[in-house]
Protein chains: 2
Amino acid sequence: MLATRKNPKRRATRLRDSERTRERLLQAASREIYRSGFQSASLDTILAVAGVTKGALYYHFDSKEALGHAVVDEVIAPDVRGKWVRPLQSGKDDPIDALIGAVQGIPVRPADVRGGCQLNNLAQEMSPLDAGFRKRLAIIFDAWREAVAFVLREGQTHGSVRRDVEPADAAGLLIAMVEGYASLAKNAQDPKVMKAGIRNIVGWLRSLRAPGNRKRG
Amino acid sequence: MLATRKNPKRRATRLRDSERTRERLLQAASREIYRSGFQSASLDTILAVAGVTKGALYYHFDSKEALGHAVVDEVIAPDVRGKWVRPLQSGKDDPIDALIGAVQGIPVRPADVRGGCQLNNLAQEMSPLDAGFRKRLAIIFDAWREAVAFVLREGQTHGSVRRDVEPADAAGLLIAMVEGYASLAKNAQDPKVMKAGIRNIVGWLRSLRAPGNRKRG
DNA sequence: TAACATACATACTGGTTGGTATGTTGGCCA
DNA sequence: TGGCCAACATACCAACCAGTATGTATGTTA
């Protein structure tokens, strides 16, 4: 009489259930890693949050490390792509406006600010300790930087971005500012710090506009 | 016949030995926290590195948390003061030159870059989890920001810094840049990233100089 | 020199960790 | 309808964790 706590599955195929279990594990792991870091996130806690058992976890993932890597690939990477890569690739807006829009889209709700940036959190903790994490996270950072550099180069060819700006350098600096302010705001546990940071970053972005191409302010 | 592994102490007073033990614990803890984070740093490992026993540890500190707090107060805080607060207070250099000097003094040896910034590491990990850490680290960040803002204000009164610069904002932005680049370099595990970041920060600092007060380049 | 406090050293504990070994169940196919 | 396998569920384990209880060598004081 083991393994029958829940009502038996009715019509849904087993395969669909399996994918759902995997997804719940990824979401729970992502949340717990966000809360307390990868190393300190307990598998038992993740399982409790996900509402699945250890057997299910180790059916889908070989180890805690593999689960963490999957979180990077399947949760964090799509998130960065959705917020920083795709919006900049659309090519509809003026490049500087597009970057300002992305910066102003950074969440500033208390819960988000206090938790910091998921990408940066994991990178800080795991990059020196685990090459698997490091490589996956580096791919995300590279894509981010390249997306920013790309719009800056485009802006230069269209004359809206200053020619003396080095796109790769400026992209790195933007990301450093974003992550740096996220760190300061997380440490202060105060959304005001992040809001002030966004204002300063936006001010710096405006300074990249080519003279005679200023739209407003 | 317990507790006589080592030669009996000869002439040194007990009090001196005690202080030395405490200091070794702080240094070992600082190193291990730097390597793997506070939560993942094992007390047994710290003790092995320090070459002392658990009895000694719990004679000097009430708990692992108290040891961590002491590392912040007695290792990290003096380090930041020595590198960022005192050099800026001396008032001998031109303010912008002083800031450039501090930025260029950031260590870029592989070991330093790969480990990241001790202050930022701990803040990222512990600020959301432990108010004792958060308050101590916030004091350090505040002192750092205030030291930078102070020289900028001084530069404005002496005419060497642009008047439209908001010292508090610029100080926060500088710190965000420094910590942001430290994060990126740590993730990339590559000193080149930090060196490029320092160049970009220095370039930004030069842009704060008042017109007609440019010293070189 | 006897009593005492300081500064440890050692052994141990209960709880937690990631991981494993072994069941069990329901759908599916021959 | 009997066998098979994906997809779990449960119980368990050795290692490790922070912390504690207790012992003891040594300098200081009365």
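Values in this document were obtained by computation on a predicted structure and should not be read as measured data. Chain letters run A, B, ... following the sequence lines, proteins first, then strands; residues in each count from 1.
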What is the distance, to the nearest angstrom, from the [atom1] atom on [X] to the [atom2] atom on [N]?
X       : N      : atom1 : atom2 : result
A:His60 : C:dG19 : NE2   : C1'   : 17 Å
B:Gln39 : C:dT17 : CD    : P     : 12 Å
A:Glu65 : C:dG18 : CD    : P     : 13 Å
B:Asp62 : D:dG19 : CG    : P     : 10 Å
B:Phe61 : C:dA7  : CZ    : C1'   : 14 Å
B:Leu43 : D:dA18 : CG    : C1'   : 6 Å
A:Leu57 : D:dA9  : CG    : C1'   : 13 Å
B:Leu47 : D:dA18 : CG    : P     : 9 Å

Point to revise | B:Asp130 bridged to B:Arg134 by N-O distance under 4.0 Å | key: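 Salt bridge absent between B:Asp130 and B:Arg134.
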Check your understanding: Does a salt bridge link B:Glu74 with B:Arg136, judged by any charged N lying under 4.0 Å from a carboxylate O?
Key -> no
Using a cut-off of less than 4.0 Å, is there contact between a side-chain N or O of [X] and OP1 or OP2 of [N]?
X       : N      : value
A:Ser18 : D:dA7  : yes
B:Ser63 : D:dA18 : no
B:Thr21 : C:dA7  : no
B:Ser42 : D:dC17 : yes
A:Tyr59 : D:dC8  : no

Check your understanding: Is the base of D:dG19 touched by the side chain of B:Lys64 through a donor-acceptor pair closer than 3.5 angstrom?
Key -> no
Study note, to complete from the structure: Residues at least two apart in sequence or cross-chain that pass side chain to side chain donor-acceptor pair (under 3.5 Å) with B:His60, listed by chain then number, are none
Practice item. Output the single nucleotide from C:dT10, C:dT17, D:dC17 whose closest atom is nearest the side chain of B:Lys54. Key: C:dT10
Review point. Within a radius of less than 6.0 Å around CZ of A:Phe61, do more than 12 heavy atoms belonging to other residues, nucleotides or ligands occur?
Key: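 Yes, CZ of A:Phe61 has more than 12 neighbouring heavy atoms, counting only those of other groups under 6.0 Å.
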**Study point:** Separation between CD of A:Glu179 and CG of A:Asn121, rounded to the nearest 0.5 Å
**Key:**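 Rounded to the nearest 0.5 Å, the CD-CG separation comes to 8.5 Å.
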